[in-house]
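As structure tokens, the structure follows; a few thoughts come after it.
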Amino acid sequence: MRLDELGDWRRTHLSNEITPELASAEVTLMGSVVDVRDLGGIKFLILRDAGGTIQVTAPKAKTSRRILAKIDSLSKESSIAVRGKVVTAKQAPRGMEVVPTDIKLLNAAITPLPLDPTGRVKADLDTRLDSRLLDLRRPKTMAIFKIRHKVLQIVREFLVSKGFIEVNTPKIVATATESGAALFPISYFEREAFLGQSPQLYKEILTGCFDRVFEIGPIFRAEEHDTTRHLNEVTSVDIEAAFVTQEDVMRILEELIVRVFNRVKQRCAGELKVLKHDLKEPNPPFPRITYGEALKKLDDAGVKVPWGQDLPTPAERRLGELVGGTFFVVDWPTETKPFYIMPHKDDPKLCCAFDLMHEGLELASGGTRIHQEKLLIKQLRQKGLNPKRFESHLKNYRWGLPPHSGFGLGLDRLVMVLTGAKNIRECVLFPRDRRRLVP
RNA sequence: GCCCUGGUGGUGUAGACCGGAUAACAUGUAGGCCUGUCGAGCCUACGCCUCGGGUUCAAAUCCCGGCCAGGGCGCCA
């Protein structure tokens with residue numbers, strides 16, 4: 001198949017910009033072939049671009065044989081450019097169509113394709129991820145990532161309006177700085193380094209100069225988890241603010257979640273319709289349930305969790321059913337949370353930490369952080385960590401680091417909730433899990 | 001890592017329990033008919049049993065193992 005050069009052709013309009021006012025104007029469209037319907041005396045070509053789809057109509061009697069032959073030669077999903085005249089037509093899908101005067105085949109798609117890009121014939125998630133580009137041309141998949149884009153925009157707007165500064169911290173780190181999650185070791189010249197599991201320590205330090213910071217970026221966990229809500233590379237929305245406590249950042253988080261749900265519902269109505277997802281907006285203030293109350297509720301429902309343990313998945317789900325909607329779990333046992341979380345003054349067995357739950361799914365966790373070096377060293381020792389290895393972090397605390405609080409919010413999980421996706425892989429362009437490293 | 005379920009044309013499914021004959025359906029692809037399709041319609045053709053071993057006269061079907069996938073769990077500051 002001979003391909004045409006783009007040459008000096010440039011797109012003049014997107015498909016959704018073809019309006020009745022353009023009637024009889026010449027336009028140049030660029031996009032992909034969705035379908036060709038040949039009725040003998042008339043051919044219809046459906047072109048899709050970033051604006052949607054538009055019908056290109058070629059009546060046999062009024063179209064050159066060269067163009068008719070060209071249309072016949074096009075395979076689905078091929079990249080094309082169409083130059084033609086805008087025509088109003090009652091029978092056209094949107095009342096407007098384009099009659100071609102010239103068509104360029106810029107790149108041909110092979111046949112058969114590894115999946116149906118219209119989405120009419122189902123395909124397994126695994127098959128879809130293997131051919132993600134084609135999958136992303138499916139309306140449902142596209143809708144998820146348009147919503148994700150909108151969420152990022154809303155989150156940035158909101159946090160900036162609250163005085164937060166966006167920062168970028170290193171993803172290559174020297175040591176396994178925090179206890180807990182396993183890290184991916186990487187080769188860093190003559191040394192070993194790791195992929196960062198969280199921007200936690202960096203963002204805390206940065207409250208000492210920027211007051212309020214946030215970072216939206218990748219975090220890496222080398223855990224061999226194999227579930228519908230874990231990946232080895234995820235995007236977190238991390239915030240940290242000076243001179244505030246847990247309760248203040250919980251209110252920020254609450255407002256943020258409400259804002260995101262509200263704006264997505266308003267601005268992504270079309271995408272939600274494609275996904276057939278009825279988004280229920282949570283009402284503030286979200287219930288605050290203590291860890292102790294959560295255990296009691298679970299016990300009453302026949303689910304036993306020993307005090308001092310994190311909630312296992314089935315318990316989380318049950319609690320989600322019992323409480324319903326979006327809620328906070330507060331006053332966690334100090335032993336379940338990391339070393340930098342502030343213990344309660346009057347009861348150091350409990351700490352100033354919270355989890356944000358949405359229908360049994362943990363969306364975020366945060367708390368009041370320790371800002372006194374002495375206490376931090378004590379907590380490090382408590383967790384069996386060696387304070388000497390944290391020297392480069394600890395020295396910041398000698399320079400008047402303010403009291404601060406923050407949280408980390410899982411963006412991919414938030415998008416799951418907003419789109420109704422049942423598997424986190426649906427919400428990440430190129431997910432990384434225990435087995436998948438490509439594409 | 002453990003448990004459960006599965007792997008059939010390019011894609012998604014049926015067949016399998018209860019072994020046997022031309023492996024079915026939708027979509028797709030190729031070709032044909034048709035001047036208003038819009039999930040176009042109609043006709044013709046093409047294309048499939050995950051891999052290895054076992055049982056049997058005979059295996060897509062039963063058994064064992066591998067690999068892969070889906071779900072559940074564990075792990076997850």
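To find a chain, count down the sequence lines: A is the first, B the second, and so on, and within it residues start at 1.
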Considering just the side-chain nitrogens and oxygens of [X], establish if one lies under 4.0 Å of OP1 or OP2 belonging to [N].
X        : N      : value
A:Arg434 : B:rC75 : no
A:Lys76  : B:rU29 : yes
A:Thr228 : B:rG71 : no

When you get a sec, tell me which of [options] is the closest nucleotide to the side chain of [X]?
X        : options                : result
A:Arg317 : B:rU37, B:rA77, B:rG72 : B:rG72
A:Arg120 : B:rU37, B:rC75, B:rA40 : B:rA40
A:Glu224 : B:rG36, B:rC75, B:rG1  : B:rG1
A:Pro312 : B:rG74, B:rG10, B:rU37 : B:rG74
A:Thr111 : B:rG36, B:rC76, B:rU29 : B:rU29
A:Val121 : B:rG12, B:rA77, B:rG36 : B:rG12

What's the [atom1]-[atom2] distance between [X] and [N], to the nearest Å?
X        : N      : atom1 : atom2 : answer
A:Leu183 : B:rC75 : CG    : C1'   : 14 Å
A:Arg138 : B:rG12 : CZ    : P     : 9 Å
A:Leu45  : B:rC38 : CG    : P     : 16 Å
A:Leu129 : B:rA69 : CG    : P     : 11 Å
A:Glu223 : B:rA77 : CD    : P     : 7 Å
A:Glu362 : B:rC75 : CD    : C1'   : 14 Å
A:Asp124 : B:rU13 : CG    : P     : 5 Å
A:Lys122 : B:rG28 : NZ    : C1'   : 17 Å

Base, sugar-phosphate alone, or nothing: which one does [X] contact when heavy atoms must sit under 4.0 Å apart?
X        : value
A:Asp310 : nothing
A:Thr227 : base
A:Asp226 : base
A:Pro114 : sugar-phosphate
A:Lys43  : nothing
A:Arg128 : nothing
A:Asp116 : nothing

Looking only at atom [atom1], what distance separates [N] and [M], rounded to whole Å?
N      : M      : atom1 : value
B:rG47 : B:rG10 : C1'   : 9 Å
B:rC76 : B:rG12 : C1'   : 34 Å
B:rA69 : B:rG20 : P     : 31 Å
B:rA26 : B:rA58 : C1'   : 32 Å
B:rC62 : B:rA40 : P     : 39 Å
B:rA16 : B:rG53 : P     : 27 Å
B:rC34 : B:rG70 : P     : 47 Å
B:rA21 : B:rU35 : P     : 46 Å

Pick the closest RNA chain B nucleotide for A:Leu113 and for A:Ala92 by heavy atoms, then say which residue is nearer the 5' end.
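Between the two, 5'-proximity favours A:Leu113.
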Want to settle it: does A:Pro314 or A:Asn423 sit nearer the 5' end of RNA chain B, counting the closest nucleotide to each?
A:Asn423
Do [X] and [Y] come close enough that some side-chain heavy atom pair is under 4.5 Å?
X        : Y        : answer
A:Leu231 : A:Arg432 : no
A:Thr228 : A:Ile424 : no
A:Ile54  : A:Glu97  : no
A:Met30  : A:Val82  : no

Between A:Arg128 and A:Asp130, is there a salt bridge with N-O shorter than 4.0 Å?
no
Can you tell whether the side chains of A:Arg435 and A:Asp226 come within less than 4.0 Å, N to carboxylate O?
yes
Test for a donor-acceptor pair under 3.5 Å between the base of B:rU37 and the side chain of A:Gln55, counting only N and O atoms.
yes
I'd like to know if A:Glu97 reaches the base of B:rG36 with its side chain such that a donor and an acceptor end up less than 3.5 angstrom apart.
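Yes, a donor-acceptor pair under 3.5 Å.
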Check step by step if side-chain contact (heavy atoms from CB on, under 4.5 Å) holds for A:Leu105 and A:Ser78.
CA-CA 7 Å; A:Leu105 171 60; A:Ser78 292; 3.8 Å; yes
Dot-bracket notation for RNA chain B is requested: 5' to 3', Watson-Crick or G-U wobble pairs only, both distances under 3.5 Å, with ( ), [ ], | and . as defined.
(((((((..((((......[...))))((((((.......))))))...(((((..]....))))))))))))....
Around atom CZ of A:Arg398, are there more than 12 heavy atoms of other residues, nucleotides or ligands at under 6.0 Å?
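Correct, the count exceeds 12.
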Looking at A:Lys297, I want to see if its NZ is surrounded by more than 12 non-hydrogen atoms of other residues, nucleotides or ligands under 6.0 Å.
no
Verify, without hydrogens or angle tests, whether A:Asp49 (side chain) and A:Ser15 (backbone) share a donor-acceptor contact under 3.5 angstrom.
yes
